[in-house]
Every structure is written in C-alpha cells, then in structure tokens.
Amino acid sequence: MKKGDHLFLVDGSGYIFRAYHALPPLTRKSDGLPVGAVSGFCNMLWKLLREARDTSVRVTPTHFAVIFDYSSNTFRKEIYPEYKANRSAPPEDLIPQFGLIRQATKAFNLPCIEKEGYEADDLIATYARMAEAVGAEVTIISSDKDLMQLVTPLVSMYDSMKDKQIGIPDVIEKWGVPPEKMIDLQALTGDSTDNVPGIPGIGPKTAAQLLEEFGDLDTLLSRAGEIKQQKRRENIIEFAEQARISRQLVTLKTDTPVDTGLDDFGLEPQDGPKLVAFLKAMEFTSLTRRAAEATGIDAAAIEPSEVAVDTVAEAHGPDVEIPDGTAPAATAEKPQNKPDGGVMLPADLVKARADEALASKIDTTAYTCIRDLATLQLWIDEAMEAGLVAFDTETTSLDPMQTELVGFSLAIRPGHAAYVPLNHKSGNGDLLGGGTVEGQIPLDDALRVLKPLLENRSVLKIAHNMKYDWLVMHRYGIDPHPFDDTMLISYVLDAGEGTHGMDALSERWLGHTPIAYKDVAGSGKSSVTFDMVDIDRATAYAAEDADVTLRLWRLLKPRLVEDGLVSVYERLERPLVAVLARMEERGISVDRQILSRLSGDLAQAAAAIEHEIYQLAGEKLNIGSPKQLGDILFGKMSLPGGSKTKTGQWSTSAQVLEDLAAEGHELPRKIVDWRQLTKLKSTYTDALPGYIHPDTKRVHTSYAMAATSTGRLSSSEPNLQNIPVRTSEGRKIRTAFIAAPGNKLISADYSQIELRVLAHVAEIPQLTQAFADGIDIHAMTASEMFGVPVKDMPSEVRRRAKAINFGIIYGISAFGLANQLSIPREEASQYIRTYFERFPGIKDYMEATKAFARQNGYVETIFGRRAHYPEIRSSNPQVRAFNERASINAPIQGSAADIIRRAMVRMEPALNAAKLSARMLLQVHDELIFETADGEVDATIPIIRDVMENAAMPAISLSVPLQVDARAANNWDEAH
DNA sequence: GTCCGACCGTA
DNA sequence: TTACGGTCGGACG
C-alpha cells in the first residue's frame with residue numbers, strides 16, 4: 001500500500017447488530033433460517049463495491065477488508081471485569097447469522113479479519129494507523145462513536161445506512177470536541193451499553209464543555225477543585241479513578257499484533273460464480289439477479305453453495321479444514337417473536353408446517369407411474385426447477401451391498417409424486433423365471449437422465465435414511481449430493497422419543513399410516529421381492545414413501561432452526577452419511593480358514609464338556625436352555641442361593657454360576673465354560689463367514705446412525721462392535737480380521753475418553769491434573785479414596801476404584817456397585833459417600849444434570865446434541881431412577897460419541913491432504929480401524945492421531961488432553 | 001412364523 | 001451402575 005491508495009475497513013460485527021435491529025426480519029423461504037442481517041450486509045457490500053468500480057464516484061477503494069470481533073474476552077475484561085458484562089446473549093435468530101456474514105464476506109472475495117482477544121475496533125484502529133503511516137486514505141464503514149477517535153485528515157468514516165460521510169467537522173458538530181478528544185469525552189460520559197462507568201452526572205454536553213475549559217482529562221482531574229458546581233466537582237473528585245479506567249477501556253489499541261498485512265487487502269476482482277452461488281443459497285433473489293448481470297454470468301447455471309450454519313454465538317473461529325463452531329446451546333435464548341408480524345419466524349413456520357401436515361390428506365391413488373423416458377425427463381426438469389426433490393429407491397433386498405434396483409420414486413410437492421418402475425418381473429414365471437414386464441424404461445436410459453439430477457448441486461435431494469439410497473445409487477455410478485435426511489433430522493430433534501423409521505414418523509407427525517411393506521410384498525414364506533410386485537401396487541407404495549418423506553422434511557427441517565440444532569445436524573450427522581457409506585462399501589477382509597479352524601476347535605471342546613455336564617447332572621439336557629438348567633441345578637440338585645429373574649425363573653447367569661463354582665461345585669463351572677465356547681462358536685466363528693460378500697470377499701457391516709439415544713452408532717449384520725477381546729479364547733476371533741495383501745490394519749483408540757469427558761464437564765481438578773500428568777487414573781482414584789500410595793498399590797484396591805469410576809459414568813447406585821464388586825450394599829454405599837467427599841464436583845454435576853433433565857426432559861452433550869428422557873418425571877421410583885442414571889450417562893457417552901464423529905468427518909480430508917491412501921474401515925465407539933499400504937503406515941499414524949486428538953477443537957477446548965493409542969499389524973488382534 | 005426373555009459379546 | 005445387537009429356547013398363534 002502506498003500514498004494515494006484508499007483502504008475501506010468495514011466494521012462487520014457492528015454492522016450485524018445494527019442491521020438486525022434496524023432492518024425488518026427476514027427468513028429463508030425453504031427452511032425458515034433467519035437471514036435479515038445477512039441480507040442487509042450483502043446489499044451494503046454490493047453497493048460499496050459497485051461504487052468502487054464506478055469511476056464517476058470520487059471515493060473508490062483500492063484496498064478492502066471486513067473486520068469482526070472474535071469473542072468478548074479481550075484485554076479490557078482484565079482491566080475491568082464488568083466491561084460489557086451487562087450484555088445479554090444475542091437473540092437466537094441472530095446467532096446463525098454471525099457465521100453466515102463471514103461466509104458472505106468470503107463470497108464477495110473480501111478478506112475476513114478477526115483475532116482472538118481483540119475487538120474489531122482495535123483491529124480497525126491498528127489498520128487505519130498503519131495505512132495512514134504510508135500516506136493512504138482510510139474510510140471506516142461504521143457509525144459507531146467508539147471509532148470516531150480515529151478520524152484524522154486521512155481517516156474518515158461512512159455510515160452506510162444513512163449514506164453519510166463522517167469527517168473531522170462532523171465529529172465536532174456532533175460531539176462538540178475534535179476526534180482526538182473523543183477518548184477523554186467518552187471517559188467522562190461512560191457508555192451504558194458497554195458498561196463503561198465514566199463519571200456520574202456527566203453527559204456529552206458537560207463533558208465537551210469541561211474539555212473545552214481544561215483541555216484534557218488529566219488536567220481536568222488534577223484541577224477538579226476549580227469546578228464551581230458543587231455536585232459536579234464532588235463527583236469528578238470521587239470518581240476520578242473510574243474515569244481513568246474508562247479512558248483505558250475506550251482507547252482503541254493501535255498496536256494490535258496482526259497476522260495479515262495491508263498489502264493483502266488489495267481489492268480483487270469479483271468472483272461471479274462464487275458470489276452468485278452464495279446469494280442463491282441464501283435465496284436473495286433480486287441481489288442474485290443483479291450480481292449475475294453485473295458479472296455477466298447465467299444465474300440459472302450456477303448451483304447454490306453449501307453454507308454452514310452456526311447456532312451458537314461466538315462459536316466462530318479461524319478458518320479450519322471443516323468449518324466449525326458447535327458449542328453448548330444451554331445459554332441461548334428463545335427467539336423473540338416480533339410483534340410487527342408479516343415475516344415468518346422459525347417458531348411460526350414450525351407451527352404452520354405442522355398444521356399443514358395434519359390438514360392435508362394423502363391420496364395414494366393420485367400418484368403417477370412413469371413408464372417412458374420423455375415423461376421421466378419432464379419430471380426431472382420440474383425437480384430441477386423446484387430445486388428440491390424427495391427420492392427413494394425400491395430394491396430387491398434390504399442389504400444395500402447385495403441389492404438390485406427395481407425402481408425409484410420422486411416427490412416434488414406434497415401430493416405430487418411418481419414412481420418409475422425399471423425392473424419389475426411378471427409374477428407367473430415358468431421355469432424360465434418369468435419375463436420382464438413391458439413398458440419400463442431401460443435401466444441405463446433412466447440412470448442417464450437421473451444422474452444429472454441427483455448430482456446437481458443446486459437441487460436438494462431428500463431421503464429417509466439416505467445412507468441406504470446413497471449406497472444403492474453409488475453402486476450404479478451415481479454420487480447423490482447435496483442431500484437432507486429426514487431420519488437424521490428426526491434423530492437430532494427427538495433422540496430418545498421413539499424410533500425414527502418413516503412409518504413411525506408419518507404416524508406421529510402426519511397422522512397417516514403409510515401402506516405397509518408386507519401388504520405389498522407379503523411376509524414370511526409367501527413374501528416376494530419387490531421386483532415381483534405388481535406395478536400399480538408398487539406405484540402406490542413407492543410414490544407414497546417419497547411423498548411422505550417430502551412432507552416430513554417440510555415439517556421437521558424448520559424445527560432444527562427453532563431448536564438451535566442446525567449445527568448438530570449439519571456437522572455431526574449429515575456429513576457422516578457418505579463417510580459411513582464408504583466404510584460399509586469397503587468392508588473388511590475376514591479369513592474363512594481361520595474361522596473354520598476355530599469353529600472346529602470350539603465344537604470339539606464344547607462336545608467334551610457336554611459329556612461331563614451330562615455325567616454331573618445325571619441326565620441329558622439342553623444346556624442352552626436356562627429353564628432346564630435351573631430345574632436341574634436348583635430343583636433336582638437343590639444347590640443353594642440362586643437368585644430369580646424378572647419372570648420368576650431361577651437365574652443361571654454367569655455371576656450366579658461363578659458364585660456356585662467358588663463354593664466348590666463342579667457343574668456350574670462346566671456350564672460357564674460351555675457357554676463361553678458355544679457363544680464364540682454360534683455368534684462369531686459360525687456366523688461371520690455367512691457375511692462374506694460373494695463378489696468383494698469382504699464383510700460389510702451396516703451402521704445405524706439413528707438407533708441410540710446418546711449419539712453412538714450401532715453396528716449390525718454383522719455387529720462388528722462386539723467382537724471378543726477380553727479373553728484369550730475370544731481374541732482368537734480377531735486374528736481372522738486381516739489386512740489385504742501388501743497392507744496393514746491400523747487400530748487407533750481413545751484412551752479413557754469418557755473419564756476425560758467427565759473430568760471436563762464436571763470440572764474435577766484432581767482428574768484434570770491426573771490426565772494432564774498422564775498418570776494412572778484408577779490408581780489415582782484409589783489413592784485419593786483409600787489413602788493408599790500409588791506405588792505398589794494392591795491390584796484389588798485399584799480394581800475397586802476402577803469399578804467406581806465406571807460406576808460414576810453410569811450414574812452410580814449402591815445396589816449396582818455392590819453387585820459389580822460382590823460386596824455388601826452398605827460397603828458400596830460407603831464407597832460412594834467417600835468418593836463424593838473426595839470429588840465434590842461429581843456430586844454437583846450429577847445433581848445439576850438430573851435437575852436439567854427433569855426441567856427440560858432432555859440432556860445435552862458438550863456439542864449441543866440432545867438425548868430425551870420423557871419418563872424422567874415418572875411417578876414410578878424405579879423408572880425415575882433409571883432415567884436419572886441414563887441422563888447422567890448420556891452427556892458423557894454422547895460427548896465422546898460426538899468427538900469421534902467429528903474425527904471421522906475430518907479423517908478423509910486429512911488423509912487426502914497428506915496424500916495418504918489409508919481407508920477407514922470400522923468404528924467401535926472409541927476406536928477406528930484403518931487399512932493402508934505397508935509402506936504408508938508410519939506416515940499415516942501421526943495424521944490419524946492428530947485428527948482424533950484434536951477432534952473437539954475448535955468448537956470445544958477440553959480442559960484435559962485427549963490421548964490416542966495407535967498400532968499397526970496384519971490382523972486386528974495384534975493391532976489392537 | 002413371530003415375539004419375548006435370558007444371556008452374553010463389545011465400549 | 002450406561003449404551004448396544006445376536007443367539008437361543010420357548011411360548012403363542
């Protein structure tokens with residue numbers, strides 16, 4: 001930058017608040033996202049930049065930057081803790097706009113500047129002085145009086161909302177003092193909005209008069225005795241120190257350490273497509289049109305950009321790989337409905353959509369069946385025009401890795417839905433297998449016209465359980481995006497409130513029972529695959545699913561905004577869909593021979609024990625039947641003590657049998673051994689080979705994203721999250737999970753993540769310190785509780801402390817702990833009391849969590865995910881106690897689940913950036929399994945560790961470090 | 001054929 | 001004492 005250049009500095013943060021209050025509220029039509037301040041901001045930038053190109057206007061910028069506050073924790077808080085302490089949380093419908101305005105700045109191709117610990121005003125002051133020093137002119141786009149101290153012959157201000165230039169004469173006219181005395185003036189008057197005290201009874205007029213008379217603040221304070229008016233004199237003397245503090249508070253820092261130099265602010269040409277894409281995403285139609293015209297591009301050809309929405313104030317940080325900013329929503333306030341009406345606020349939209357959903361009836365006879373390419377093209381054109389479409393696939397199997405596409409359905413508006421049959425067969429098949437039904441579009445033709453729709457970035461695809469449809473379509477060479485998933489939206493909104501299947505949601509929200517699958521395809525032995533279903537029946541069923549999905553989306557999506565859950569959905573759920581789909585698609589290699597050999601060994605060992613059991617029991621029996629076992633043990637043999645199950649049967653649990661074995665009985669021991677062997681055989685070594693895919697020769701599990709109340713994933717068909725590890729016999733099964741030739745498996749797991757989360761959320765100093773020091777956490781607990789030194793601690797003492805630590809995470813009860821440790825309940829009770837005495841913060845956390853759950857009906861993770869406990873207020877003490885324990889556990893288990901989700905979302909980009917080929921294969925709650933080429937192992941592990949250990953950042957800065965242990969080997973057993 | 005309880009594998 | 005899914009036996013229709 002040089003003399004003659006002209007720097008524009010926009011006070012972005014100041015603008016947000018002013019625009020929010022000055023402009024009418026405005027929400028995005030499609031989902032009710034509040035965008036009023038964003039709209040005003042974009043219009044202002046547009047105007048400033050248009051004038052910048054208009055050479056007939058005298059003032060034109062050569063350099064341009066938009067400056068934001070980073071957070072309210074600045075050096076001023078240290079000088080004066082009450083500074084800005086009177087500020088309440090911003091209104092909820094303003095919160096998402098903070099992030100959007102930063103994204104708008106980038107869309108306009110302008111530098112977006114912020115710095116932790118400094119206010120926007122300090123950065124503006126610093127840059128203004130830097131520019132002045134090289135002889136450049138500066139215009140500050142703001143009307144904030146706090147910035148007026150910066151005005152000089154070279155620096156002026158511009159109030160964009162009043163279209164008014166502010167120079168030295170304007171400051172004098174308005175405040176009665178020149179700019180350089182503004183600091184002293186503000187020190188005297190104070191500022192109620194920022195909680196700057198000043199001197200009581202002195203307003204701008206008096207302050208100006210006093211400064212005129214005495215020259216400056218210091219002179220005034222030293223000669224205060226000369227003031228004639230008694231009250232004024234007394235006040236100035238009494239509050240002199242307060243005025244000096246005020247001066248420090250209002251004086252802008254002109255030496256802020258800055259990361260970006262002035263030369264980086266050079267005005268770049270507009271990036272038309274980028275700008276139009278953002279404006280389209282915001283649904284600012286007229287500005288989109290103007291921007292497209294001015295930059296000479298076709299707006300219709302530009303796809304809206306994907307915007308990230310923060311719902312929590314101050315949750316923005318510096319640029320990171322993944323835009324971020326989730327944080328607890330507990331401090332956010334409910335949006336205030338504006339009485340002036342006219343504009344739909346989220347709450348109104350939610351209500352309107354709920355009414356609409358219940359009012360409109362679903363007519364399954366009104367759907368279209370599309371049987372020729374021209375009609376399909378018309379529907380696709382219509383969906384393109386609409387910008388959104390509900391989509392659903394119909395297939396031959398529930399397994400997306402095996403299934404074949406039979407048809408698909410589309411819905412563009414409620415009631416406006418169609419089914420496209422592609423591969424229906426005739427039912428009266430003879431030995432030749434029946435024929436393909438006439439009048440279906442050839443699969444390749446249909447996919448050719450469907451692909452541009454599903455991959456068009458300007459058309460939102462809506463599905464219920466998109467991971468399934470994504471996998472199906474991906475196998476046909478299509479990568480659907482962008483998308484919304486009504487199952488996941490429901491999960492984010494209502495986890496813990498029933499299931500999130502489409503039929504249940506339709507029932508719950510639309511008051512409509514969709515056609516049951518079994519009514520179309522039959523059930524059990526008489527069931528047929530969907531390709532054998534009559535096309536008319538299929539049309540009613542399939543098109544209805546798309547219709548219902550669209551209606552659910554219209555109803556549920558706005559609730560995300562109202563409840564402040566947009567970022568949970570957009571950061572923790574939606575991006576994971578494709579990540580998990582790829583993991584499922586990759587599968588993991590399982591060695592059939594190893595399993596087969598283990599199976600044989602287990603069968604032999606079990607058979608031997610079986611004979612011994614028959615001998616000891618004196619008769620043959622079905623050992624797998626707890627009922628028969630109970631009759632023998634406690635009836636015929638009348639062994640002592642057995643407890644009963646809920647249904648009054650004798651319990652034959654491992655615990656009971658172990659206790660009997662400890663008393664010297666032989667039979668119970670044999671039964672326990674037999675159970676272990678047959679469990680391993682039936683559940684693992686016999687079952688797993690059946691899951692090996694015929695083509696890929698790998699095992700492809702399926703992850704359920706919306707199955708748990710806490711935010712954890714679950715795995716099924718097969719469940720790869722419960723592969724044995726605790727016993728050496730069980731661990732042999734893990735040796736069958738192997739890396740492909742030339743590759744290694746890497747296992748990376750978080751160490752003690754839930755206890756670390758507990759230390760963070762409950763703020764327990766001893767735990768935090770122990771994790772910071774990297775010492776044995778259970779031994780530390782034992783030492784604190786029992787006064788035993790950590791060195792040479794008996795293992796039994798440590799074991800008890802460990803059980804208590806886990807108990808705490810589970811919402812401890814004396815009954816449960818007594819059971820776990822096989823000690824009297826009184827003793828367990830005493831342990832818990834001692835624990836709470838040593839770690840009082842734990843007790844506080846538990847009580848606070850229970851109270852929150854009782855008050856709100858849900859609890860929250862550190863990232864704002866909710867887990868609902870509608871029965872926490874039950875009058876049944878057992879039910880209530882159970883819900884209390886679960887609500888204590890959920891924030892801990894759920895926060896850990898959120899952390900690993902964040903790691904998973906970031907993992908692929910991080911590996912790609914490092915040019916590594918490692919593939920993420922499995923997730924086991926606190927562990928990730930990868931497969932990578934032999935030669936890349938050493939380079940890959942540090943990347944994995946880095947992503948996992950920093951996964952909470954920057955949204956949450958944990959008070960404890962996260963530690964990840966990672967190892968590579970040829971099989972899962974050795975890698976773990 | 002379908003459902004539920006008991007049991008047990010994991011974090 | 002939290003969160004899951006799979007297998008089995010046994011009862012029901």
Side-chain angles (χ1 to χ4, degrees), chain A residues 495-496 518 522-527 621-630 644-657 671-672 675-684 686-688 690-691 701-704 707-727 729-731 733-734 749-755 758 803-821 825 828 831-832 835 846 859 867 869 881-894 896-897 900 922-927 976:
Chain A
K518 67 177 193 319
S523 66
K525 210 174 163 187
S526 61
S527 69
L621 74 148
N622 188 342
I623 310 168
S625 164
K627 188 175 178 299
Q628 293 182 33
L629 224 42
K644 301 127 243 115
T645 67
K646 244 193 301 193
T647 54
Q649 293 279 325
W650 290 112
S651 169
T652 63
S653 67
Q655 178 70 64
V656 169
L657 299 179
I671 296 169
V672 169
R675 281 217 182 124
Q676 195 203 3
L677 298 173
T678 53
K679 169 86 175 180
L680 294 175
K681 183 168 185 291
S682 67
T683 307
Y684 303 105
D686 287 353
L688 280 171
Y691 289 102
T701 185
S702 173
Y703 288 103
T708 71
S709 53
T710 55
R712 274 194 178 178
L713 301 175
S714 77
S715 156
S716 63
E717 293 178 285
N719 181 354
L720 296 185
Q721 290 179 324
N722 72 342
I723 303 302
V725 70
R726 288 178 192 183
T727 66
E729 283 303 304
R731 267 201 302 279
I733 291 164
R734 292 198 169 211
D749 67 299
Y750 284 108
S751 161
Q752 308 278 20
I753 187 167
E754 293 193 352
L755 275 174
L758 174 71
I804 296 167
N805 275 334
F806 277 100
I808 294 295
I809 291 172
Y810 298 154
I812 202 155
S813 78
F815 180 84
L817 183 64
N819 246 1
Q820 177 69 28
L821 288 176
R825 195 172 334 168
Y831 282 179
I832 294 170
Y835 192 98
M846 289 180 153
V859 290
Y869 293 95
F882 174 77
N883 278 273
E884 286 174 353
R885 291 194 297 271
S887 58
I888 287 168
N889 172 254
I892 302 169
Q893 187 184 117
I900 198 167
L922 302 178
Q923 189 250 41
V924 192
H925 307 309
D926 66 359
E927 175 187 16
H976 183 75

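First the proteins, then the strands, lettered A, B, ... as listed; each starts at 1.
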Among C/dT1, B/dA11, C/dT7, the nucleotide that comes nearest once only the side chain of A/D926 is considered: B/dA11
Looking only at side-chain atoms of A/T647, point me to the closest of B/dT10, B/dA6, B/dG9. B/dA6
Would you indicate, yes or no, if B/dG9 has its OP1 or OP2 atom less than 4.0 angstrom from a side-chain nitrogen or oxygen of A/R726? no
Is there, by distance only and without an angle test, a donor paired with an acceptor across the side chain of A/N719 and the base of C/dG5 below 3.5 Å? no
Distance below 4.0 Å between A/T708 side-chain N/O and C/dA3 OP1 or OP2: no
When rounded to whole Å, the CG to P distance for the pair A/N722 and C/dA3 reads 17 Å
Can you name the nearest heavy-atom pair linking A/L713 to A/H925, along with the distance? O-CE1, 3.5 Å
Nearest-Å distance for atom pair CD/P, residues A/E884 and C/dT1: 15 Å
Give the rounded distance in Å between these two atoms: CD of A/Q655 and P of B/dC8. 10 Å
Under 4.0 Å between a side-chain N or O of A/T652 and OP1 or OP2 of B/dC7? yes
Whole angstroms only, please: what is the CD-P distance between A/E927 and B/dA11? 7 Å
Both A/R712 and A/P718 contact DNA chain C. Taking the nearest nucleotide for each, which residue is further toward the 5' end? A/R712
By centroid distance (under 5.5 Å) and plane angle (under 30°), are A/Y810 and C/dT1 in a stacked arrangement? no
So, is A/S709 close to the C/dC4 phosphate, meaning a side-chain N or O under 4.0 Å from OP1 or OP2? yes
A/Q628 side chain near C/dG10 phosphate (N/O to OP1/OP2, under 4.0 Å): yes
What contact category does A/I809 fall into here, base, sugar-phosphate, or nothing, at under 4.0 angstrom with non-hydrogen atoms? nothing
Given C/dG5, B/dC7, C/dT7, the nucleotide with the shortest approach to the side chain of A/P626: B/dC7
Quick one: is A/S651 getting a side-chain N or O under 4.0 Å of the B/dC7 phosphate, OP1 or OP2? yes
Rounded distance (Å) that lies between atom C1' of B/dA6 and atom CD1 of A/I623: 17 Å
Taking the side chain of A/S625 as its heavy atoms from C-beta onward, which of C/dG10, B/dC7, C/dT1 lies nearest to it? C/dG10
Indicate, with a heavy-atom threshold strictly under 4.0 Å, whether A/F806 touches base, sugar-phosphate, or nothing. nothing
State which of B/dA11, C/dT7, C/dG5 makes the closest approach to the side chain of A/K679. C/dG5
Which of B/dT2, C/dG5, C/dT2 is nearest the side chain of A/S716? It is C/dG5
Taking the side chain of A/S714 as its heavy atoms from C-beta onward, which of C/dT1, C/dC4, C/dG10 lies nearest to it? C/dC4
Can you see which heavy atom on A/A890 is nearest to which on A/V859, and at what distance? CB-CG2, 3.9 Å
Rounded off to whole Å, could you give me the NZ-to-P distance for the A/K681 and B/dC7 pair? 22 Å
Taking the side chain of A/N622 as its heavy atoms from C-beta onward, which of C/dG9, C/dT1, C/dT7 lies nearest to it? C/dG9
Can you see which heavy atom on A/S716 is nearest to which on A/T701, and at what distance? O-OG1, 3.2 Å
A/K525 side chain: which of C/dG5, B/dG1, B/dG9 is closest? B/dG1
Between A/Q649 (CD) and B/dG5 (C1'), how many Å, whole number? 10 Å
What nucleotide, of B/dG1, B/dC8, B/dT10, holds the atom closest to the side chain of A/R734? B/dT10
